Amino acid sequence: MKSNTPLTRLLFTGVFLALEPTVAVSQRPQSQSSPSPTVTTAVDGIGLGDNHGLAQEEDFYTAMIRDKRFAEDRPEGLIKLDVMVTEATGNPVAGLAASDFHLLENGREQKILSFEGFTGRGAGPEPPVKVIVLIDALQVSAELVRDERDGVISYLRKNGGRLAHPTSVFQLSETGLWAVANLSTDGNALARGLEHSESTLVRRNTLGPRTVGLAPSIDFALMALGQIATEERRQPGRKLLLWVGPNGSRSKELKIRPSLYATICWFSTLLREAQLTLYSLWAGESESSAQSYNAYIAGVASPHGASSMNLDRSVLAIQSGGLVLDSSEIEDEIGKCVREAGPFYRISFDPFAAEHPDEYHDLKLEVDDRRLNAHTNTGFYDQPYYSADQIPPLKRMSLEELQRIVDLDESDAAKANQLKGVELTQRLSEGRLATLFTIVHGKRTRQQLRILADASSFLDPPTDEIPAAPPPSPDEQQHMVSMTATYLTSAIHKLPDFLARRVITRYQETPMFLESGVKYQPLHQTAISTTTVHYLHGQEDADAEGHSLRLGNLDLITYGVFDIALQNVLDALNANGRFTWIRWEREIAGRAAVFRSTVPVDQSLSRAMMCCLPDGDGAQTYQRYASYQMEIAIAPDSGAILRLSFQFDLKSTSPLSRSDTMIEYGLVQIGGRTYDCPLRSVSITRVRSVRVLRWWDESFRTYGPYTILLNDSSFDQYNIFRSESRVLTGFTPAEK
């Protein structure tokens, strides 16, 4: 029976991960009569926010395995934009392709990485689209409030009260933000709720210590926008927020206020991440001062240019890709805005590198057909860590340079510091590492050498570890591979039930630009944990391991190395035999023949999954089929596997850029007999952290910098697992 047990699981529980992310690489579903084994890397968070628990987590993972709706791995940019294209008459345009658009970032041509077109009806697999109407009655005359309400009610009752999109209605008053009507497509029901003032308090107007510090009416308006937008950030799909209120800006203070810059960045990022487009509908008589917002449409690029006008609702509307409409016909203007629910397009791109945090980048989207107008977000605030590049870059070092540092007559601390943030250009094998350990006795330097060796596990060995022997003939290669298939068929099924000790030394990188102000640290040891592996009835007891480890903020668990990993090799050999000769290598156990199997994405049995993303409600999964490489080092005379590695080709820029696992095997004694079993494994992954952005008492999640997690696992103390009983003769029970 082939197992669907995951091979590697990450437990991700940091301050910057608000829910339970899961990264997984699993097999493409096969027929029920021949289930395929699974190689999985998962990130299961137990941190802030909602927590599913382990039982629910397993159910959720199983459901993902059964789901067959997965796209092939494709580039997907970190910055995502909703785009509306209209004719001169304002009618939306459908049927355009990515080639019809040109995206300019700070005046430079930007590559569109992903492109999707939607009808805007939110049907089937399309993302939902909703309309939110906000009636602004804050410091407004009773007559104008009545006009606003009447205009909204008139719109809701059009077409017999049948609304094309789910709609909700809010009202902002002196007392706070009120939900007047719940989400519905029944316009008549919404209108009745508005007519009878059936409302629920969402937020009371109170000025706390974290307000913007402007006029109370401005603070209350921004609080309402922040409340609605952060809630919508938790919901999937596109949203149109129609703000019906008095003309002009409430702000009469136009002086520069650098302290507002962080608030401006927060709202800009929030509206984009929430997929919320703001529409400003002016009600009442026109004011000449109302047009003052035009001078502030361009995004503010530094704190020294920030003023309260940069937070004006009309400015935010234009910057979010929405419109500003000035008309006494509220009903008609709402209809114009709702028409922009679709068709629409969603594009993504990777931003150009930022030189400093919160660096403003201007956006301009052009359509080849100049008769058409495209509007979307006019800019965004870029971060240095939005780049996929390592920040700061690692220092590349050869094994010769490493040897020179080890030979230096310096203190342990001095040597260790020179080895931090280093990336080797060749594999540091266990044999060479053991030689270095005979020279180095300092704890810090030894730990850095261990990190370097683990991180280099997937690199090619140096030339002096590649025997200068000619490659075997094609027939000899085929014979070796056949012996490996025979070996695996025998080895997988002949292991007895046993227990083994597993010691995990965990390392992680502390990325830059974390909100807590923690400084960057390259890979460093964070925890050591010891647990017992149970191998029963031909399967590793994953539950026992998965439930036993909770190592602080970030956990990466590797399991399934006793059965699932080898089963995947056997399946690949039986399915296509596409292993090709690579080279000879010198292993501790002797000379090894190295073969590699490369599986393209269109034939891949594996998929990359990550849950949960910061998008939507925080429970959405990232799922893509992924190509991968499987490399085996085998004993040429027996076909026994000495080393096995899986490397997944993850093209997407977020949220997962690397997921690799290596396992080394050797002879162990179990119950007086010798078996080939895992001796150690290395798992390494690179994922984006999740950043929580807070303002007032509102917060939302977005991607943060990449972080690297690495586990070094060793296995020993193998013991037979069995129960024994003896019959005791001559035993007389004691009388009661």
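When reading the values below, keep in mind they use all heavy atoms of this one structure, side chains included, and skip hydrogens, waters and symmetry mates. Note that the structure is a prediction, hence the values are computed from the model and not measured.
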Subject >> Carboxylate-amine/guanidinium contact K336 E333, below 4.0 Å >> reply: yes
Original post:
If you look at every heavy atom in F349 and L103, which pair is closest and at what distance?
Top reply: CD2-CD2, 3.5 Å
**OP:** Output the distance between atom CZ (F170) and atom CG (L242), rounded to the nearest 0.5 Å.
**Re:** 13.0 Å
Original post:
Could you walk me through whether R691 and Y703 pass the side chain to side chain contact (heavy atoms under 4.5 Å, CB included) check?
Top reply: CA-CA 6 Å; R691 188 174 174 224; Y703 280 122; over 6 Å; no
Subject >> Separation of K80 NZ from S348 OG (nearest 0.5 Å) >> reply: 6.0 Å
Original post:
Counting only heavy atoms not in K364, do more than 12 fall under 6.0 Å of its NZ?
Top reply: no
Original post:
Do V93 and T86 touch side chain to side chain, with heavy atoms closer than 4.5 Å?
Top reply: no
**OP:** Please check if any side-chain donor atom of Q235 sits under 3.5 Å from a side-chain acceptor atom of E231, or the reverse.
**Re:** yes
**OP:** Provide the closest heavy-atom pair for S307 versus L260 in the form atom of the first, atom of the second, distance.
**Re:** C-CD1, 3.5 Å
Subject >> Residues which pass side chain to side chain donor-acceptor pair (under 3.5 Å) with D100, listed by chain and number, not counting sequence neighbours >> reply: none
Original post:
Is there a side-chain contact between W266 and E698 (heavy atoms, below 4.5 Å)?
Top reply: yes
Original post:
Do any pairs count as a salt bridge (charged side-chain N to carboxylate O under 4.0 Å, His left out) and have a residue in residues 116-135, sequence neighbours left out, and if so which ones?
Top reply: K130-E232
Original post:
If you measure from CG on L190 to OG1 on T185, what distance do you get to the nearest 0.5 Å?
Top reply: 8.5 Å
Original post:
R694 and S699: which non-hydrogen atoms are nearest, and at how many Å?
Top reply: CG-CB, 3.4 Å
Original post:
Given the rule in the side chain to side chain contact (heavy atoms under 4.5 Å, CB included) test, do E87 and L372 qualify, once you have shown the distances and angles that lead to the verdict?
Top reply: CA-CA 5 Å; E87 300 172 330; L372 304 180; 4.1 Å; yes
Original post:
Would a 4.5 Å heavy-atom cut-off, applied to side chains only, mark L163 and Y155 as touching?
Top reply: yes
Subject >> Parallel, tilted or perpendicular: ring planes of Y261 versus Y381, cut at 30 and 60 degrees >> reply: perpendicular
**OP:** Output every pair passing ring-ring contact (aromatic ring centres under 6.0 Å, His included) with a member in residues 93-113, not counting sequence neighbours, ordered by first then second residue.
**Re:** F101-F115, F101-Y345
Original post:
Can you find a pair of side-chain heavy atoms, one from E105 and one from E109, that are under 4.5 Å apart?
Top reply: no
**OP:** Check whether any side-chain N or O of R238 sits under 3.5 Å from a backbone N or O of P127 as a donor-acceptor pair, and report yes or no.
**Re:** no
**OP:** Apply ring-ring contact (aromatic ring centres under 6.0 Å, His included) to Y386 and list each qualifying residue two or more places apart in sequence or on a separate chain.
**Re:** none
Subject >> Under 3.5 Å donor-acceptor, S387 side chain and P384 backbone >> reply: no
**OP:** Flag the pair T425 / L459 as yes when at least one side-chain heavy-atom distance between them is below 4.5 Å, and no otherwise.
**Re:** no
Subject >> L693 and L270, any side-chain heavy atoms less than 4.5 Å apart >> reply: no
**OP:** Check side chain to side chain contact (heavy atoms under 4.5 Å, CB included) between S280 and all other residues, then give those that pass, not counting sequence neighbours.
**Re:** W282, R313, S314, A317, V324
Original post:
Roughly how far, to the nearest 0.5 Å, is CZ of R272 from OG of S320?
Top reply: 12.0 Å
Original post:
What distance do I132 atom CD1 and T167 atom OG1 have between them, rounded to the nearest 0.5 Å?
Top reply: 9.5 Å
Original post:
Side-chain donor-acceptor pair under 3.5 Å between E509 and Y520, yes or no?
Top reply: yes
Original post:
Heavy-atom distance under 4.5 Å between the side chains of F700 and V692, does that happen here?
Top reply: no
Subject >> Working for side-chain hydrogen bond (donor to acceptor under 3.5 Å, both in side chains), residues Y279 and E340 >> reply: CA-CA 10 Å; Y279 294 82; E340 297 214 340; 2.8 Å; yes
**OP:** Specify the closest pair of heavy atoms between V367 and A374, including all atoms of both residues, with the distance to one decimal.
**Re:** CG2-CB, 3.6 Å
Original post:
Looking only at atom types and distance, does a side-chain atom of T707 sit under 3.5 Å from a main-chain N or O of S689, one as donor and one as acceptor?
Top reply: no
Original post:
So, K239 side chain and V131 main chain: donor-acceptor pair closer than 3.5 Å or not?
Top reply: no
Original post:
Does a donor on one side chain sit under 3.5 Å from an acceptor on the other, for T702 and E273?
Top reply: yes
Original post:
Got a sec, which residues hit ring-ring contact (aromatic ring centres under 6.0 Å, His included) with F458, two or more places apart in sequence or on another chain?
Top reply: none
Original post:
Mind checking what makes side chain to side chain contact (heavy atoms under 4.5 Å, CB included) contact with S154, not counting sequence neighbours?
Top reply: E331
Original post:
If you look at every heavy atom in G342 and P92, which pair is closest and at what distance?
Top reply: O-CG, 3.5 Å
Subject >> With R233, the side chain to side chain contact (heavy atoms under 4.5 Å, CB included) member among L271, D615, T269 >> reply: D615
**OP:** Mind checking side chain to side chain contact (heavy atoms under 4.5 Å, CB included) for R162 and listing every partner two or more places apart, or none if nothing turns up?
**Re:** none
**OP:** Mind checking the OG1-CG spacing from T598 to D649? Nearest 0.5 Å is all I need.
**Re:** 9.5 Å
Original post:
Should the heavy atoms of other residues, nucleotides or ligands under 6.0 Å from CD of E355 be counted, would the total exceed 12?
Top reply: no
Subject >> Verdict with supporting geometry, L363 and T378, side chain to side chain contact (heavy atoms under 4.5 Å, CB included) >> reply: CA-CA 5 Å; L363 291 176; T378 61; 5.8 Å; no
Original post:
Given the rule in the side chain to side chain contact (heavy atoms under 4.5 Å, CB included) test, do T376 and I347 qualify, once you have shown the distances and angles that lead to the verdict?
Top reply: CA-CA 10 Å; T376 184; I347 66 174; 6.0 Å; no
Subject >> Summary of salt bridge (charged side-chain N to carboxylate O under 4.0 Å, His left out) pairs that have at least one residue in residues 342-354, sequence neighbours excluded >> reply: D82-R346
Original post:
Residues in ring-ring contact (aromatic ring centres under 6.0 Å, His included) with H361, at least two apart?
Top reply: F380
Original post:
Can a donor-acceptor pair be found between the side chains of H356 and Q383 at a distance below 3.5 Å?
Top reply: no
**OP:** Check whether any side-chain heavy atom of N377 lies under 4.5 Å from a side-chain heavy atom of Q319, and answer yes or no.
**Re:** no
Original post:
With sequence neighbours left out, what residues match K395 under salt bridge (Lys or Arg N to Asp or Glu O under 4.0 Å)?
Top reply: none
Subject >> D369: side chain to side chain donor-acceptor pair (under 3.5 Å) partners, not counting sequence neighbours >> reply: R371
**OP:** List the atom of A224, the atom of L172, and the distance in Å for their closest heavy-atom pair.
**Re:** CB-CD1, 4.0 Å
